[in-house]
Amino acid sequence: MNKPIICKFCLRRTPQYLSARRFSSAIAPNSDPTTPTKIPLRDLSASDLSYYWDTPAPNASQLAYAEKFFAPSRHGPIKLWSAAKFRTTPLSSIEPEVAFLGRSNVGKSSLLNAVMGREMCWTSSKPGRTREMNAFGIGGTKGGESKIVLLDMPGYGKASREEWGTEIMKYLKERKQLRRAFLLIDSAHGLKKIDEDLLMLFRRYAIPHQIVVSKVDKFLFKNKKQAKSGVAPANIMKLQETLHNLRPLVQPDGRLEGPGALGEIVTCSGETSIGPGQKLGVNALRWAILSAAGFDGNVEARREIIPQGASIEERAPSGP
């Protein structure tokens, strides 16, 4: 068994959940090992940025498939509908749906814009701007059908309204097409009491859910200038420790009712670019959406470009 690495940069033992290979690769061959070289953003893997314990981390082929699936085209993404109350939402829809929730000003609209690859949600620095449930279709074809529906829910907490929470819970409990609720947590503020209360409701009503840590760029570096030089290994270790400490809160062993959150915590940023049209960690979140909607078949060797307007059979990877 390999011995744990002692990080001479921060004088702390590398946790088991942080890959020793990744830390070692951050040290240039001929450099002083006490001064690790920063890792470029484009080289960060899903396992570096996120924490997987019950599910496997997506590989390069799966991330590439997710990026192509969500690539904007003349057939989408499209705005499907808006509704203030559950009873006014379309009931004839059959596409799998995923809902995004979070405290006001958690960066939900900006992140959804990054996921969809197009400015679809209205963003604002003022909390409480999203006042209705807004549905967007992804993976559209020439016939106008969408393969997945993304729901942008009103924020809770500051500038929110009690009736919004009532309607949101009605939707989450009664919408048959709903496959997963993604709860956004601000990396700078962590899990708040109001978030824990919502997680308890998820468990009580057996609503499938997953944690997403937003604005992770603010956790890894202080400003965009620092981002250009890459991320220090110590900051990646600190992020992994933080995510590891979140696990018992989102998937408590002593829960009295209902299943806990999915066994992975994805982190991302809708603001930090890692290449043309790519945002930090967003492809891993896209893969999580595909997994929730059932579009995550065997794509280990699938590398071809998905033709625009392809049928659902052509778009969805074949099963094992």
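Quantities reported herein were computed from a predicted structural model and do not represent experimental measurements.
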Distance-only polar pair, side chains of Y65 and D296, donor-acceptor under 3.5 Å: no
With salt bridge (charged side-chain N to carboxylate O under 4.0 Å, His left out) as the criterion, how do E241 and K238 come out once you've worked through the C-alpha distance, each side chain's angles and the decisive distance to 0.1 Å? CA-CA 5 Å; E241 289 181 87; K238 183 179 178 182; over 6 Å; no
Should the pair R103-D186 be classified as a salt bridge under the 4.0 Å nitrogen-to-oxygen rule? no
Closest heavy-atom pair and its distance - S104, G155: OG-C, 3.7 Å
Supply the atom-to-atom distance Q278 CD to L41 CG, rounded to the nearest 0.5 angstrom. 11.5 Å
Taking atom CG of L191 and atom OG1 of T242, what is their separation to the nearest 0.5 Å? 12.5 Å
Indicate yes or no: at least one non-hydrogen side-chain atom of V98 is less than 4.5 angstrom from one of L151. no
As an exercise, state the distance from CD1 of I194 to CD of E196, rounded to the nearest 0.5 Å. 11.0 Å
Go through the steps to decide whether C268 and L280 satisfy the test side chain to side chain contact (heavy atoms under 4.5 Å, CB included), and finish with yes or no. CA-CA 5 Å; C268 48; L280 185 65; over 6 Å; no
Could you check whether any side-chain heavy atom of L80 comes within less than 4.5 Å of a side-chain heavy atom of I78, counting everything from C-beta outward? yes
Is the shortest side-chain heavy-atom distance between D195 and I211 below 4.5 Å? no
Side-chain H-bond candidate by donor/acceptor type, E97 with Y171, under 3.5 Å: yes
Side chain to side chain contact (heavy atoms under 4.5 Å, CB included) between K108 and L184, intermediate numbers included: CA-CA 7 Å; K108 178 164 47 64; L184 268 61; 3.9 Å; yes
Apply side chain to side chain contact (heavy atoms under 4.5 Å, CB included) to the pair T267 and Y51, showing each step before the final yes or no. CA-CA 8 Å; T267 79; Y51 179 36; over 6 Å; no
Can you see whether S187 engages K218 through a side-chain donor-acceptor pair at a distance of less than 3.5 angstrom? no
Decide yes or no for L172 and F202: does some side-chain heavy atom of the first lie under 4.5 Å from some side-chain heavy atom of the second? yes
Please say yes or no: joined through hydrophobic side-chain contacts below 4.5 Å, possibly via intermediate residues, are L63 and M116 part of one cluster? no
Output yes when a side-chain donor or acceptor of S214 lies under 3.5 Å from a complementary backbone atom of V106, and no otherwise. yes
Note: V266 and Q210 closest approach over all heavy atoms is CG2-NE2, 3.4 Å
Nearest non-hydrogen partners of R203 and G260, listed with the distance: CD-CA, 4.0 Å
How close do P96 and R179 get, heavy atom to heavy atom, and via which atoms? CB-CG, 3.7 Å
Aromatic contact, F182 with H209 (centres under 6.0 Å): no
Is there side-chain contact between D43 and P40, with at least one heavy-atom pair below 4.5 Å? yes
Find the distance between CD (Q226) and NZ (K38) and round it off to the nearest 0.5 Å. 5.5 Å
Cluster check L101, M200: I/L/V/M/F/W/Y, side chain < 4.5 angstrom: no
Within 45 degrees of the ring normal and closer than 6.0 Å to the centroid, is that where the cationic atom of K173 sits relative to Y205? yes
May I have the step-by-step check of side-chain hydrogen bond (donor to acceptor under 3.5 Å, both in side chains) for K279 and T272, ending in yes or no? CA-CA 6 Å; K279 300 294 184 180; T272 299; over 6 Å; no
Just wondering, do M133 and D152 contact through their side chains at under 4.5 Å, heavy atoms? no
Can you name the nearest heavy-atom pair linking A288 to E264, along with the distance? CB-OE2, 3.8 Å
Return yes if a side-chain donor-acceptor contact under 3.5 Å exists between D48 and Q240, otherwise no. no
Would you indicate whether the side-chain heavy atoms of Q177 and I94 approach each other to under 4.5 Å? no
Within 6.0 Å of NZ in K79, more than 12 heavy atoms from elsewhere: yes
Under the side-chain hydrogen bond (donor to acceptor under 3.5 Å, both in side chains) rule, what do S146 and E95 come out as? Steps first, then yes or no, please. CA-CA 7 Å; S146 297; E95 294 86 358; 5.8 Å; no
Which value, rounded to the nearest 0.5 Å, describes the distance between I168 atom CD1 and M153 atom CE? 6.0 Å
To the closest 0.5 Å, what do you measure between CZ (R286) and CD (Q62)? 15.5 Å
Check for me whether K147 meets the cation-pi criterion with F295, that is, NZ or CZ under 6.0 Å from the six-membered ring centre and within 45 degrees of the ring axis. no
Check for me, please, whether F221 and F219 land in the same ILVMFWY cluster - side-chain distances under 4.5 Å, paths through other members count. yes
For L243 against L49, the heavy-atom pair lying closest together: CD1-O, 3.7 Å
Show the numbers, then the answer: is there a side chain to side chain contact (heavy atoms under 4.5 Å, CB included) between L44 and V231? CA-CA 9 Å; L44 293 174; V231 181; 4.0 Å; yes
Side chains of Q251 and D54: closer than 4.5 Å at any heavy-atom pair? yes
Decide whether I289 and L262 are clustered together by the hydrophobic rule: side chain heavy atoms of Ile, Leu, Val, Met, Phe, Trp, Tyr closer than 4.5 Å, transitively. no
